[in-house]
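What follows is a set of notes on a single structure, which appears directly below.
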Amino acid sequence: ALCVVALSACGARVDAGSDTSASAESCVDTSGDTVKIGFLNSLSGTMAISEQTVHDSLELAAQEINADGGVLGKELEIVSEDGQSEPTVFAEKAGKLITSDCVAAVFGGWTSASRKAMLPVFEAQDSLLFYPVQYEGLESSPNIFYTGATTNQQIVPALDYLVEQGTKSLFLVGSDYVFPRTANKIINAYAEAHDIEIVGEEYAPLGHTDFSTIVNKVKSADADAVFNTLNGDSNVAFFKEYKNVGMSADDMPVVSVSIAEEEVGGIGIENVEGQLTAWNYYQTVDSPANTAFVEAFKAEYGEDRPTSDPMEAAYTSLYLWKAMVEKAESFAVEDVTAAADGVTFDAPEGEVVVNGDNHHIAKTALIGKIGADGLIHTEWSSEEPIEPDPYLEGYDWADGLS
Amino acid sequence: MSEMSSTEQQPETEIDLAAAEALLGTDADRFKHDYLEVRGLRVEFDGFVAVRDVDLTVTQGDLRFLIGPNGAGKTTLIDAVTGLVRATGSVSFGRTALLGRSTHRIARAGVGRTFQTASVFEELTVLQNLDIAAGARRAPLTLLRRRPATPEAVEHALETVGLTALRDVPAGVLAHGQKQWLEIGMLLVQDAHLLLLDEPVAGMTQAEREETGQLLRRIGSQRVVVVVEHDMEFLRSFADSVTVMHQGRVLAEGTVNEVQNDPAVVEVYLGAPTQGDLA
Amino acid sequence: MTVLTTLLRPGRTRTLAAFGLAAVLLLLAPLVLSPFRLDLLAKFLCLAMVAVGIGLAWGRGGLLTLGQGVYFGLGAYLMAMHLKLADAGPGGVPDFMLLYGTGQVPGWWEPLRSPVSAILLILVVPAALAALLGWAVFTRRVRGAYFAILSQALAAAFAILLIGQQQTTGGTNGLNGFRAFFGYDLADPVNKQMLYLIAAAVLLLMVAIVRQLTVSRFGELLVAVRDQEDRVRFLGYDPAAVKVVAYVVAAVMAAVGGALFVPIAGIVSPADVGVVPSIGFLIGVAIGGRATLLGPVLGSIAVSWAQTSISEQFPSGWIYFQGALFILVIAFLPGGLASVAGKLRRRAPEGSPA
Amino acid sequence: MLELSGVTTGYGRTTVVHGVDLTVPDGALTAVLGHNGAGKTTLLRAVLGLLPLRAGSVRLADEDVTALAPHKRVRRGIAYVPQGQQSFGQLSARENLQVVADAHGRAGRRRTDEALDLFPALRDLLGRQAGLLSGGQRQQLAIARALVTGPTLLVLDEPVEGIQPNVVTEIYAAISTLTGAGSLSVLLVEQHIGYAVEHAAEFAVLTSGRVAHRGQGGVPTAAAAARKALTL
Amino acid sequence: MDIIAQLFAGLSLGSVLLLAALGLSLTFGQMGVINMAHGEFMMAGAYTAFVIQGVVGDAGVSLLLALPLGFVVGGLLGLLLEATLIHRMYRRPLDTLLVTWGVALVLQQVARDVFGAPNVDVRAPAWLSGAVEIGGLALPRTRLFILALAIVCVVALALALRATPLGRRIRAVVQNRDLAEASGISSRATDRVTFFIGSGLAGIAGVTLTLLGSVGPTLGTNYIVDAFLVVVAGGIGQIKGTVIAAMALGLMQAFFEYSTTASVAKVLVFVAIVAFLQLRPQGLVSVRTRSLA
Ligand SMILES: Nc1ncnc2c1ncn2[C@@H]1O[C@H](COP(=O)(O)OP(=O)(O)OP(=O)(O)O)[C@@H](O)[C@H]1O
Ligand SMILES: Nc1ncnc2c1ncn2[C@@H]1O[C@H](COP(=O)(O)OP(=O)(O)OP(=O)(O)O)[C@@H](O)[C@H]1O
Ligand SMILES: NC(N)=O
Ligand SMILES: [Mg+2]
Ligand SMILES: [Mg+2]
């Protein structure tokens, strides 16, 4: 009875067919001399390990921008939210930042699950998200800017590099979730076209800690290289086991796409020394912009804190937004996206350019080798920034993928 | 739910035989032909035979006492009849074969028991304990309703075992003997027609034993009752017949006088007659 | 006349008054809360539904179920699957399947296309699973800590299973991005309000059901089974059946909570159904008072609210706070906050009107 | 040996025992009688320290032990046989005895042997899990366990409940021997007025947690007096 | 060949589970405390190894020091937990689960605040690096070491429980606290000792885990559910059962994982345990009781 009363009291039924797509009016307030932006990272839970670092570099960028006069003369006011490593919380907090705090843009997210969870919120509310982590591609939303690598800027170059090195067979090891599975789908397609044999493909649940079976399989498969899309803690267990059964980079190199500088210490340098990684940025990149970034970061957070690709991409994302806003001379989402195409920034990794069509940015691919100093040193570079191609439309072998 | 006021002691309790009439009197004839029949019962625990070749027949109106040394197998016998331990042989109550059935089905066939250590629902009130005991045969849907009023049988049972004043007290706070009375009350409302009582007067004073004995005798006239006891004075006062077990077997059976004077029973159980009487 | 006197019996008036007050408060909420806060509250109400069921199974029946995430998840995923299919239109394929899957809708999704069968399945599947599992476990007399650990393992296994089947369940991403709820546009604030009201009504209904169950003879029997399962058997009841009923009711309530959670939160993922959220469901119940009627509801809402607002201020503070809540309430206040109220009431002079 | 003065105790909000005074002289037996629920068990639990006192004191061999934990009282020479055939159910019967004998070294082992002489039936059951024994067997084990500590004060709560008559006779004979030798004092709760009153130096009848009657044991009128007090 | 390799992998995983579960078989199996913070005691053991390595430097010496010290650290944490919270909860075992879950959350966050969220590295000593080659089969030395350590711990614990007065006392207190007190056994002291040993074993388990995986705040959570399952499947309070169950779980996981995937294997193992408890509801090795007697 209660239900009926309540419903008839509200009465506003919407017909199934009618497409109202009632995106709420933006409540962003730009009348004062400050403007609010939101940072949404996991500061607790399992992903805090990684996302705290992104949060730190976002803070750094905001400080620098404010010290430099803000954006369009307005000081940035940060609203920080904790995603708690849970997609559902990311969705909830995104909603809060947009509708309750009325921020002009949100920066954050790490796992693909968190991004997928936030995407419909940003689209429904027509608001902006800057996402800083390499991911599996096959996505482009008008409300998201992707400042990490898509697959053709990280995985494909890594494969190109392996082919160049004469690799004929690969073993794929990954965590059991979207990014590794999609990445491996792409790798399989690539391998077929390039005469590489995939001799094994193994997934471990996130947080899996006993790799004896998988390493046994890797060892007996005897591939030319291992392509590793494991995430988080599992890397430690994997590499320790790898070393314990007596294998090293010389026998069978492992190319990883989720191990950055800050993970190396936790895995133990002795366990990963000489192994390969694929990213778009390393702390060792030699450029004035990077020198300044690394110095500023260490000054702020301590000498022992390394910088890494996602941190750099996050740092860059804030500057890119600033550049877009200043180009548009407006904080309105429409204006910012309209102005986005061609916006550049002299990022620590080198110059990056925003692609207005797919909202990704052109980035240079770098294959690195983990050194005894715990840092990653560039082994190979694509030299040129690679245009983002999230759907791999420019690659014939990728036709069947989506 | 009324609460006991804090420092008052509980009222003394007393058995009310008149109330038992109301409980038992109604269907006196219907169960005239009830009897417990045990044939060739054997219970074994990993090679240790606790009960063997036991034959036992108890009819309505014959208040049967089961005695025997500690470990003779008396409790195990009851366990076997009520489905608590696995046994071979045959046990039937009236026309119903009991062995092999699950415990709750045996209970539904009209078999009720008490335990050597009293066992009631401590968090429920005396009334609720009795009501639950009365309810196993209720239709499932009536379970979903609140108890409309105290069922008549429960009311009578409360009076019978003298717990009317304590009806709203959680059973957990009852003293040992009161719990035993509550258990007997539960058997009555459960409408058990075979009652197996394991040391029901343990921990009672002389006077309380007397009252309980009267009640059992009254019940025994209409139901099949088996009482396990070590209290010989109690046995002498109330037993119609006695079965003596020893090392899992039936050692002797007969009237009180017969078994008391059976040298084998004296030897293994009663001891020198001059010192046997403690009361 | 008799109706009046029964209604005015002390216990009953108090419950009715509390219930009425709760209903009024819930109905007033849309008037005072911003759409975002109302949405949050609606979400909390869904979680509270799980708590109501746990209150019955655990508080009354002593079944410490650490796996309610499974039933919450079943309800949520079934609803999410239906919404996905409805969004895709007749014969359509949900977007994520095109991306990660074979591009075809697997057969076991098909029954969820129809709204009617979706609703039926949301009720029946969890009930059937709970009945099956409960029956298997309780008749074999698995209980206490065994049952708790087993149910926890079940939650862990369920989450792993969902994660592993990315092509058909969305994997860690879960399912999200729903446009409409049975034809009503989810972006429309009015419909969000309607969802809230539905959640509020369903929650009140559940409370009423649990109340009826606890004051009924079934409720007494459940307590008896909790305290002395073996004894109950000798009275001619099958304790397993009693427990199964409580477990199934709790499971269905969790599933309905999950099903309503989906359109309100806009997402369900394995992170909402595993070990951690399953234990999370218990905090509110314990804090409110596991054996009371409204305790679990209020506790659950209060805890959800605290989680949201405290974590807004201090991200790691919430963890300390949550830990401390668990420790202090369970160790020092096993009756929950409701028992504090009870103690205070008892301290008041005898005979003063409640 | 034992001196209770003004002992008051109870559970939760209920006070069950009210200001009980009682003494057990050295080498003597004091009996406590009373109805069901009169508070006898409660009183004994207070003597052991298993229930805290609300008022009053417990003195053991001229030492105030009111604040002492139960196990410390036991180490000062009390042994307790609780009501209800209690044992360590998952330990074997032998371990049930050992676990108490452990603290007494060689004397413990010797007394284990002596206790088993009193209960020859137990010898064959030593390897069995105590929880699987019959009620009477467990009760015999409980008394044996108490004797193993070589107590100076034995506190017995309806100790022969559930034990077969001929063994009961022997238990009481043994207790009489020990008290007779002056090496043991006994506080006994018993429903069988006969033995209790005959062998007690003094006895008390508890009604609703209060001492309603005190009497001298061993005199011809004692049993009648006790019965009278009980039916009041 | 592969079968033998998997056999070893399974036994090795089993020995890890066994170390994690052994302490639980005391605190959970014997005392009935469902200590969800057991995993965090393991974590504390692991961080102990990390800290000691920072002080000592030499990985070999530090490991040998870390084992006893990890035991003490885990034990002291357990003692603290027992003395502040658990001791008032022995009569409501299910509630201990929730309280210790709260403790686990707090300990994890403390670790995060003290040692930082990122994982830290504990190096394995040189004499444990690499593998022993037997007939073409590479058996990692670390895993052999853990297997041996598990055996030592099991034997020591079993002896302590079965053959010493302490063991008898522990079991007596657990079964009937009042009776134990009234028999002259200090139940408080016994509880503490028991909890100390059980939690100390968690500390040892934590130290050994540094040889296999990462050391981070959530190290323990990965093992806690499995460890409890081992104790339950083995039969509560039964060391023999715990050993068999741990090995069976390890082997099942290894073989299922080999023929399917790690995720599916985990699910299959859970299913197998549920099915197994259908056959033996009290676990592999169960204590018989006369219920209601
Ligand atoms: N589950 C069991 N496992 C092993 N032995 C058992 C079990 N149950 C009973 N027994 C043994 O069977 C024998 C008979 O025990 P039972 O309890 O039937 O004796 P009783 O005649 O009732 O004795 P009491 O007069 O002492 O109560 C005893 O020796 C006992 O130890
Ligand atoms: N744990 C408890 N909680 C609350 N009340 C209790 C508890 N134990 C006993 N009582 C109450 O205390 C009173 C005295 O009980 P007690 O067990 O001391 O009696 P008793 O004299 O030993 O009786 P019995 O002869 O039956 O053994 C009873 O009214 C009982 O209901
Ligand atoms: N996008 C990733 N790495 O999940
Ligand atoms: Mg018996
Ligand atoms: Mg008593």
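Residue numbers begin at 1 in each chain, while the letters A, B, ... track the order of the sequences. Note that this is a predicted model, so its numbers are computed, not measured.
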Between [X] and chain E, with a heavy-atom cut-off of 4.5 Å, which part of the residue counts as in contact: side chain, backbone, both or neither?
X	result
A:Ile269	backbone
A:Asn235	neither
A:Gln52	neither

Can you tell me how far [atom2] of [Y] sits from [atom1] of [X], rounded to the nearest 0.5 angstrom?
X	Y	atom1	atom2	answer
E:Asn35	E:Leu81	CG	CG	5.5 Å
E:Leu13	E:Asp226	CG	CG	8.0 Å
A:Arg181	A:Ser112	CZ	OG	14.0 Å
A:Ile187	A:Thr229	CD1	OG1	6.5 Å
A:Glu136	A:Asn184	CD	CG	12.0 Å

Which atoms of [X] approach chain A - backbone, side chain, both or neither, heavy atom under 4.5 Å:
X	value
E:Ser263	both
E:Phe255	neither
E:Glu133	side chain
E:Leu211	backbone

Part of residues 300-310 of chain A lying next to chain E, heavy-atom separation under 4.5 Å: none
Per-residue contacts, residues 244-260 of chain A versus chain E, heavy atoms under 4.5 Å: A:Asn244, A:Val245
Tell me yes or no: between the side chains of [X] and [Y], is some donor less than 3.5 Å from an acceptor?
X	Y	answer
A:Tyr177	A:Thr111	no
A:Glu201	A:Asn188	yes
A:Gln283	A:Tyr281	no

So which of [options] has the biggest tally of heavy-atom pairs under 4.5 Å with chain A?
options	result
E:Ala124, E:Ser12, E:Gly213, E:Gly116	E:Gly213
E:Ala138, E:Ala9, E:Gly10, E:Ala265	E:Ala9
E:Asn222, E:Thr261, E:Thr218	E:Asn222
E:Asn119, E:Val16, E:Val122	E:Asn119

Ion pair A:Asp210/E:Arg143, N-O distance below 4.0 Å: yes
E:Glu257/E:Lys266 ion pair, N-O < 4.0 Å: no
Options A:Glu202, A:Glu263, A:Lys219, A:Lys217, ranked by heavy-atom pairs under 4.5 Å with chain E, top entry: A:Lys217
Backbone N/O of E:Gly206 and side chain of E:Thr210: donor-acceptor pair under 3.5 Å: no
Whether A:Glu51 side chain and A:Leu43 backbone form a donor-acceptor pair below 3.5 Å: no
Aromatic ring pairing A:Phe293/A:Phe297, orientation class (parallel under 30°, perpendicular over 60°, tilted between): tilted
Whether A:Tyr242 and A:Phe239 hold their rings parallel, tilted or perpendicular, with breakpoints at 30° and 60°: perpendicular
Intermediate values then yes/no, ring-ring contact (aromatic ring centres under 6.0 Å, His included), E:Phe28 and E:Phe228: CA-CA 8 Å; E:Phe28 175 47; E:Phe228 271 109; 5.2 Å; yes
